[in-house]
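Data first, discussion second: the structure below is written as structure tokens.
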Amino acid sequence: MLLSRFFVPVLKENPKEAEIISHIYMLRAGMIQQSASGIYSWLPLGKIVLEKITEICRREMLKAGANEILMPTLQSAEIWKESGRYEDYGKEMLRIKDRNNRNLLYGPTNEELVTEIFRTHVKSYKELPLNLFHIQWKFRDELRPRFGVMRGREFLMKDAYSFDVDYNSSIKSYNIMFMAYIQLFKKMGLKAIPMKADTGPIGGDLSHEFIIIADTGESEVYVERELLNFKDSLTNINYEDDLQEKVNKFTSFYAATEEKHDASNFDNKNNTLIKTRGIEVGHIFHFGQKYSSPMRATISDRQGDNIPVFMGSYGVGLSRLVGAIIEANHDQNGIIWPSEISPWDYNIINLKSGDNDCDNICLKLYNFINNNTSNVLYDNTDERAGAKLARADLIGLPYQILIGPKGIKEELYDLKCRKSGEISRLSYNELLNFVQMNA
RNA sequence: CGGGCCAUAGCGCAGCCUGGUAGCGCGUCCGUCUGGGGGGCGGGAGGUCACAGGUUCGAAUCCUGUUGGCCCGACCA
């Protein structure tokens with residue numbers, strides 16, 4: 001992509017409405033624009049990142065055997081009355097009337113809809129287990145939206161729902177999602193820690209939050225040091241296997257958010273417990289027959305009896321992840337994208353546009369990288385070097401390649417690693433090698 | 001929903017207290033000198049001062065109301 005043709009309205013100064021770092025950088029890097037409190041337009045740079053995250057999530061869900069569907073944003077109030085939540089949900093639910101005065105709502109979540117789909121089509125245990133997921137925008141009319149996309153009213157989520165014939169098999173489904181979550185966050189270049197979560201009063205017995213560790217995170221968390229460094233060799237998971245043991249590996253560590261932290265539950269004699277901060281980016285939840293029962297989503301079991309199906313739900317906050325990733329990966333100059341979700345791998349910076357030698361080498365390199373399965377953003381604009389460098393740091397691509405008269409004279413060009421700040425001076429051929437090896 | 005604060009050019013702000021017809025920095029446009037960390041010089045464009053009403057000869061400024069936004073708290077992915 002040529003920067004001269006890319007719409008990325010960067011801001012030099014901090015917008016006054018933003019307080020936390022991810023919000024500030026998303027606005028300054030031209031990723032989003034606020035439309036109303038907690039509601040955002042996604043500009044090209046933000047959209048690309050959001051899409052990358054979404055795609056990784058989707059791929060892992062499919063690998064784990066889930067089926068993708070797409071449920072609408074607007075839902076009929078009818079099924080919510082069935083589950084009893086139309087009254088219970090309160091003011092967070094945005095209620096709308098259509099021209100015929102029918103009650104609609106902008107979906108804050110989808111248990112009712114998916115249960116309705118399930119009960120219409122699935123009647124027998126033979127069709128189970130089943131996992132349906134979708135990726136869709138939701139709306140919750142929060143009391144107080146804040147922190148940019150981390151706590152918006154409109155947000156993109158992946159929701160999966162599992163259906164099983166009995167408790168034991170539903171735990172298996174839960175474990176599959178647990179391991180899929182470990183995988184998908186890893187594929188985003190993130191360290192996500194599963195933590196036991198409260199399930200509330202309603203009979204659920206199993207729930208985990210997945211938390212990204214970030215100094216600027218919203219809540220305090222307590223984690224065993226070993227879990228932070230826990231590198232499991234799970235490159236390939238066979239979801240057909242019994243995963244309980246693998247799940248146990250993770251859950252055997254102590255990890256808790258502030259609300260659930262209880263020092264007496266952990267023997268900290270080796271001082272291995274770390275207090276840090278984190279951001280919740282996923283939540284998995286086993287809730288049994290909570291919805292299937294009132295909504296009569298029943299199946300025939302092996303005995304021929306009709307029983308409410310066992311369910312679980314599994315969410316990932318995709319739009320929130322964009323903010324969370326920035327919270328976990330930035331410095332005072334801007335964003336530092338993990339290479340897995342970076343909009344591009346390389347940022348070629350022409351330090352003197354208009355200079356024949358600079359233009360030629362940049363263009364040659366640009367074409368080479370594009371032809372070698374890597375992605376590259378080429379800053380071919382006519383701005384001053386300083387402005388380009390500052391903008392490159394703000395946008396935060398993993399590698400910057402600096403081409404200027406100085407380098408051309410010495411035939412050595414700067415390759416800067418955004419994360420470490422390290423600069424290698426490489427010949428043109430060494431640069432090509434680096435790109436090929438790194439692809 | 002309780003408490004605090006804000007709204008003036010695309011962005012960040014001053015002016016308001018003490019009313020007299022709007023200014024600074026950045027950005028933007030033209031020219032020029034520049035060119036390795038958000039340049040220099042010269043010239044230009046851009047604002048019904050959030051909206052509505054009131055006081056006044058006169059309102060960005062004083063008064064009332066409305067709308068929108070931000071922060072702290074309670075709540076949540």
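Each chain gets a letter, A, B and so on, in the order its sequence line appears, and its residues count up from 1.
Between the side chain of A:Asp414 and the base of B:G36, a donor-acceptor pair under 3.5 Å is found. Residue side chain A:Asp393 reaches the base of B:G37 through a donor-acceptor N/O pair under 3.5 Å, judged by distance alone. Judged by distance alone with a 3.5 Å cut-off, a donor-acceptor contact links the side chain of A:Arg384 to the base of B:G39. Between the side chain of A:Lys416 and the base of B:G37, at least one donor-acceptor pair of N or O atoms lies under 3.5 Å. If you check distances only, the side chain of A:Glu383 never reaches the base of B:G38 with a donor-acceptor pair under 3.5 Å.
Salt-bridge annotation for A:Glu410 and A:Lys406: absent, with no side-chain N of the basic residue lying under 4.0 Å from a carboxylate O of the acidic one. Residues A:Glu220 and A:Arg277 are paired through a salt bridge, judged by an N-O separation under 4.0 Å between the basic side chain and the carboxylate. Salt bridge status for A:Glu111 with A:Arg85: present, with a side-chain N to carboxylate O gap under 4.0 Å. Taking 4.0 Å as the cut-off between side-chain N and carboxylate O, A:Arg425 and A:Asp414 count as a salt-bridged pair.
Contact between the side-chain N/O atoms of A:Gln34 and the OP1/OP2 oxygens of B:C70 is found at a separation under 4.0 Å. Contact annotation: A:Ser37 side-chain N/O to B:C70 OP1/OP2 distance is under 4.0 Å. Side-chain N/O atoms of A:Lys91 include one lying less than 4.0 angstrom from OP1 or OP2 on B:C1.
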Letter by letter from the 5' end, nucleotides 71-77 of chain B scores (B base, S sugar-phosphate only, - none; protein heavy atoms under 4.0 Å) BBBBBBB
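In the model, A:Glu411 has no side-chain atom that pairs as donor or acceptor with a side-chain atom of A:Ser427 under 3.5 Å.
Across A:Asn380, A:Asp379, A:Thr381, a single residue satisfies side chain to side chain donor-acceptor pair (under 3.5 Å) together with A:Ser4, and that is A:Asn380.
One interatomic measurement links the two molecules: CG of A:Asn14 to C1' of B:C13, which rounds to 14 Å at whole-angstrom precision.
Under the Watson-Crick or G-U wobble criterion, with both distances below 3.5 Å, B:C70 is paired with B:G4.
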